[in-house]
Novice: 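Let me give you the structure first, and then I'll get to my questions.
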Amino acid sequence: MKKILDFITMEIEQAFEQAGYAKEYAKVTLSDRPDLCEYQCNGALAAAKVYRKAPIMIAKDVVGQLLQSKYISEIEAVNPGFINIKLEMDFIADYLKNMSEDVSLGLEQAEHPRTIIMDYGGPNVAKPLHVGHLRSAIIGESLKRIARKMGHKVISDIHLGDWGLQLGLIIVEVKKRNPELVYFDDAYTGDYPKEAPFTITELEEIYPTASAYAKEHIEYKEAAMQVTYDLQQGHKGYQAMLAHILNVSVSDLKKNYERLHVTFDLWKGESDAQPYIPEMIAYLKEGGYAHLDQGALVIDVQEDTDTKEIPPCMILKSDGASLYGTTDLATLVEREKLYHPDEIIYVVDKRQELHFTQFFRSARKAKIVREETKLRFLGFGTMNGKDGKPFKTRDGGVMRLENLIKETNEMVYSRIIENREVSETEARRTAEMIGLAAIKYGDLSNQASKDYVFDVERFTSFEGNTGAYILYTLVRIKSILHKYIEKGKSTKEAKIGRAHTESQRILMLEMVKYNEVILEAYEEIAPHKICAYVYDLANAFNRFYHETKILLEENEEKQSGYIGLLVLTQRILEACIDMLGFEAPERM
RNA sequence: GUUUCUGUAGCUCAGUAGGAUAGAGCGUCCGCCUCCUAAGCGGAAGGCCAGCGGUUCGAAUCCGCUCAGGAACGCCA
């Protein structure tokens, strides 16, 4: 379905041409003076220079062409040269009718669906999820859902951190504690046990212990580096150990991501890229893309237009071990081979930006990706505490994600039982839904690239621009529709008609924007635009709700129109929050 | 040091392509439940858009400088 703006722009373009001006000036935008008009065109102001004519004259010429229109009810040229537009009511009503008849609510489906790999999550195995992982998961999940709604094929990959020194450290520590295990017996040739020699709880303790110990004891660290190297060279016992670490860790991670309603199509990790590395290194050397520098293998990525020095991308350390640049490139080799993506989006902490420019340039230079493959880096900002410093627990430690969710839900729960009389189980279940909405909405309503303040008090408050407000609006709609159906009426027969009041018209104008808002959020990889929209829509609805007695309305046609609006508003809100990654309860 | 991001109401944030009177929420103050969930709605106060200069008919937005804060800067990821 065409966007509402397309219809109007089309007409205005025609008018510009008929009046003798270039149609490039016919850009129509939402009005920023809603008291004066609904849409506006500022093209006459821009055109004034070129045509050496007063902008108001141009505007008047254009308006003169548009006195008859299917879409526009009022159009006016205003000093110094604005063109103010109000829409035809029947046109709005028809547009909404068409939206409700479409499964995708009139959202234009991609003509040529792209295959997009979304790389987000990126947790380390053997380490519990903490708040640092929250943003990547929330933002990435939302982008995935938005792109899918637009009709694209999205493959999400968690890209586990399961390679590198951390593995060596874990293995060395396990060896220190249980040297008798078969994994450490080089003479052993049999099968390795299926059961892991540790639980997730133990694993979570092993890594920090080892890491701390390595800082104090150089020979321990060297042993870990050796083990890392051996692992990378295919040491059987260590490989088996890695499999255990992965198993234990992944099943725990799955549980936690599920709680966030975050899912991945692929649970690949850095280790999966390993098989591609030797061949890739050979290719990079032979092609002359990489060279030795101070003993390390690097790819130069400096470009003439750079204002700063970009250090080369390091492929192999001087001891021959691979590092993150290596695995990232090798992962790209695999992705090209298996999925042939049109686009890859990395949702990663913005502090890694330099690494990603190095890595992207290397990939391009060495032709590891096709020229038309788009590589995008969405760097997100830090999640800070109320003090403006990186989020910590009360005693200054790293906050585990589990605990953050638990605390949020707890807070929401206590607010629910303050306000409503509900059963314990319902209150708990509702608290989980609101809690998730609170966290996600709190995060996504900020621009991803900026740092933001995570304030549980504010996010879980039941007032103002919060996730709970959106859910509450939905619950109100559901409640009315429920009662309407209880009266024996069917919502399916409801027909959207002309607006009878100002608040109804405002609501309808808000609904009509859905299409363009989602497209914009997709193109700019900006979920916060959906948050802003969903808030405006909820606002417009609540105002309408307040002024309109829907169930008491006696005029059948009016009531039918109201119900039609409610049903469509519900569908739009639900589609939006689905793209944000949460859902609404039946009651709250 | 170099590079880069950020600076908008007391606080947390929006601000669409350079356009009309810079918008929300929280907090403060004032109204509104005999009526579909008041977790709501209406209203008021609150701004030199960090500062200075430039481009333009017109700047929060573009350019330059200054100030303040954050971040990155080859063998960690």
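Since this is a predicted model, take the numbers as computed values, not measurements. In what follows, every chain begins at residue 1, and chains take the letters A, B, ... in the order their sequences are listed.
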Novice: More 5' along RNA chain B: Val298(A) or Leu45(A), using each one's nearest nucleotide?
Specialist: Leu45(A)

Novice: Send over the distance from Asp319(A) CG to C75(B) P, rounded to a whole Å.
Specialist: 12 Å

Novice: For G7(B) and Lys450(A) - does any side-chain N or O of the residue sit under 4.0 Å from the phosphate oxygens OP1/OP2?
Specialist: yes

Novice: If you check every side-chain atom of Lys350(A), which of C5(B), U16(B), A14(B) has the closest atom?
Specialist: C5(B)

Novice: Please measure how far the P atom in U4(B) lies from the corresponding atom in C65(B), and state the result in whole Å.
Specialist: 11 Å

Novice: If you assign Lys529(A) and Lys308(A) each to the RNA chain B nucleotide with the nearest heavy atom, which residue ends up on the more 5' nucleotide?
Specialist: Lys308(A)

Novice: Within this structure, what is the CZ-to-P distance between Arg351(A) and A71(B), rounded to whole angstrom?
Specialist: 8 Å

Novice: Please give me the minimum heavy-atom distance between Ala584(A) and Leu474(A), naming the atom from each residue.
Specialist: CB-CD1, 3.8 Å

Novice: Can you identify which nucleotide, out of A77(B), C75(B), G25(B), has its nearest atom closest to the Met314(A) side chain?
Specialist: C75(B)

Novice: Consider side-chain contact (heavy atoms from CB on, under 4.5 Å). Of Asn42(A), Ile12(A), Ile83(A), which one does Val28(A) pass it with?
Specialist: Ile12(A)

Novice: If you check every side-chain atom of Ala296(A), which of A39(B), C75(B), U6(B) has the closest atom?
Specialist: C75(B)

Novice: Please find the pair of heavy atoms, one from Val453(A) and one from Phe459(A), that lie closest to each other, and give the distance.
Specialist: O-CZ, 3.6 Å

Novice: Looking at every strand, decide which applies to Asp293(A) at a 4.0 Å heavy-atom threshold: base, sugar-phosphate, or nothing.
Specialist: base

Novice: Is Leu471(A) touching bases, backbone alone, or none of the nucleic acid, heavy atoms closer than 4.0 Å?
Specialist: nothing

Novice: Can you tell me the distance, in whole Å, between the CG atom of Asp455(A) and the C1' atom of G27(B)?
Specialist: 12 Å

Novice: Going by an N to O cut-off under 4.0 Å, is there a salt bridge joining Arg135(A) and Asp349(A)?
Specialist: no

Novice: Any side-chain N or O of His355(A) under 4.0 Å from OP1/OP2 of G74(B)?
Specialist: no

Novice: What integer distance in Å separates Lys49(A):NZ from G18(B):P?
Specialist: 11 Å

Novice: Checking contacts here: which listed nucleotide (C76(B), A77(B), A39(B)) is nearest the side-chain heavy atoms of Lys317(A)?
Specialist: C76(B)

Novice: Would you please enumerate the stems RNA chain B participates in, each stem being three or more consecutive Watson-Crick or G-U wobble pairs with both distances under 3.5 Å?
Specialist: B:1-7 with B:67-73, B:10-13 with B:23-26, B:28-32 with B:40-44, B:50-54 with B:62-66

Novice: Counting side-chain heavy atoms from CB outward, which of G40(B), A72(B), A24(B) is closest to Asn542(A)?
Specialist: G40(B)

Novice: Should the pair Glu574(A)-Lys478(A) be classified as a salt bridge under the 4.0 Å nitrogen-to-oxygen rule?
Specialist: yes

Novice: Using the six-membered ring wherever Trp is involved, compare the ring planes of Tyr213(A) and His217(A) and label them parallel, tilted or perpendicular (cut-offs 30° and 60°).
Specialist: parallel

Novice: Given the side-chain rings of Tyr346(A) and Phe360(A), with only the six-membered ring counted for Trp, is the space between their centroids under 6.0 Å?
Specialist: yes

Novice: Looking only at side-chain atoms of Glu520(A), point me to the closest of U16(B), C75(B), G15(B).
Specialist: U16(B)

Novice: Could you list all the side-chain hydrogen bond (donor to acceptor under 3.5 Å, both in side chains) pairs where at least one residue sits in residues 519-530 of chain A, not counting sequence neighbours?
Specialist: His152(A)-Tyr522(A), Glu520(A)-Lys529(A), Glu524(A)-Lys529(A)

Novice: To the nearest angstrom, how far is Phe462(A) atom CZ from G40(B) atom P?
Specialist: 10 Å

Novice: Of all the nucleotides listed (G27(B), A14(B), G42(B)), which has the minimum atom distance to the side chain of Gln447(A)?
Specialist: A14(B)

Novice: Grab the OH-P distance between Tyr533(A) and G23(B) for me, whole Å please.
Specialist: 22 Å

Novice: Quantified in whole Å, what is the P atom distance between nucleotide C5(B) and nucleotide G43(B)?
Specialist: 40 Å

Novice: Any salt bridge between Glu38(A) and Arg505(A), counting N to O under 4.0 Å?
Specialist: yes

Novice: Identify every side-chain donor-acceptor pair in residues 46-60 of chain A under 3.5 Å, counting partners at least two apart or on other chains, and give the distances.
Specialist:
residue  : atom : partner  : partner atom : Å
Tyr51(A) : OH   : Ala22(A) : N            : 2.9
Lys53(A) : NZ   : Tyr21(A) : OH           : 2.9
Lys53(A) : NZ   : Asp61(A) : OD2          : 3.4

Novice: Using atom C1' in both nucleotides, what's the gap between G46(B) and G54(B) to the nearest angstrom?
Specialist: 32 Å

Novice: Say we look at G51(B) and C11(B): how far apart would their P atoms be, to the nearest angstrom?
Specialist: 15 Å

Novice: Select base, sugar-phosphate, or nothing to describe what Asn384(A) touches, counting heavy atoms under 4.0 Å on all strands.
Specialist: nothing

Novice: Taking distance alone, no hydrogens or angles, what donor-acceptor pairs closer than 3.5 Å link side-chain atoms of residues 558-569 of chain A to residues at least two apart or in another chain?
Specialist:
residue   : atom : partner   : partner atom : Å
Gln559(A) : OE1  : Lys489(A) : NZ           : 3.0
Gln559(A) : NE2  : Ile550(A) : O            : 3.0
Gln559(A) : NE2  : Leu551(A) : O            : 3.4
Ser560(A) : OG   : Lys495(A) : N            : 2.8
Thr569(A) : OG1  : Leu565(A) : O            : 2.7

Novice: Considering only the C1' atoms, how many Å lie between G18(B) and U55(B), rounded to the nearest integer?
Specialist: 11 Å

Novice: Looking at Glu421(A) and Arg587(A), is there a salt bridge between them, counting it only when a charged N and a carboxylate O are closer than 4.0 Å?
Specialist: no

Novice: Quick check for you: among A39(B), C41(B), U56(B), whose closest atom lies nearest to any side-chain atom of Tyr469(A)?
Specialist: C41(B)

Novice: For the C1' atoms, the ones on U28(B) and on C33(B), what distance do you get once it is rounded to whole angstrom?
Specialist: 23 Å

Novice: Could you give the distance separating G47(B) and A22(B) at their P atoms, to the nearest angstrom?
Specialist: 12 Å

Novice: Under 4.0 angstrom, heavy atoms only, what part of the nucleic acid is Gln294(A) near: base, sugar-phosphate, or nothing?
Specialist: base

Novice: For nucleotides 35-37 of chain B, give me every protein contact, N/O to N/O, under 3.5 Å, one pair per line with atom names.
Specialist:
residue : atom : partner   : partner atom : Å
C35(B)  : O2   : Lys549(A) : NZ           : 3.1
C36(B)  : O3'  : Lys483(A) : NZ           : 3.3
C36(B)  : O2   : Leu551(A) : N            : 3.0
C36(B)  : N3   : Thr548(A) : O            : 3.3
C36(B)  : N3   : Ile550(A) : N            : 3.1
C36(B)  : N4   : Tyr545(A) : O            : 2.4
C36(B)  : N4   : Thr548(A) : O            : 2.1
U37(B)  : OP1  : Ser479(A) : OG           : 2.7
U37(B)  : OP2  : Lys483(A) : NZ           : 2.9
U37(B)  : O2'  : Tyr472(A) : OH           : 2.2
U37(B)  : O2'  : Arg476(A) : NE           : 3.3
U37(B)  : O2   : Arg420(A) : NE           : 3.2
U37(B)  : O2   : Arg420(A) : NH2          : 2.4
U37(B)  : N3   : Met588(A) : O            : 2.9
U37(B)  : O4   : Met588(A) : N            : 3.1

Novice: With the 90 degree cut-off around zero defining syn, does C35(B) come out syn or anti?
Specialist: anti

Novice: Where do N or O atoms of nucleotides 9-12 of chain B meet protein N or O atoms at under 3.5 Å, pair by pair?
Specialist:
residue : atom : partner   : partner atom : Å
U12(B)  : O2'  : Arg458(A) : NH1          : 2.8
U12(B)  : O2'  : Arg458(A) : NH2          : 2.7

Novice: Shortest non-hydrogen contact from Ile518(A) to Cys576(A)?
Specialist: CD1-SG, 4.4 Å

Novice: Could you tell me whether Glu410(A) and Arg428(A) have a side-chain N and a carboxylate O separated by less than 4.0 Å?
Specialist: yes

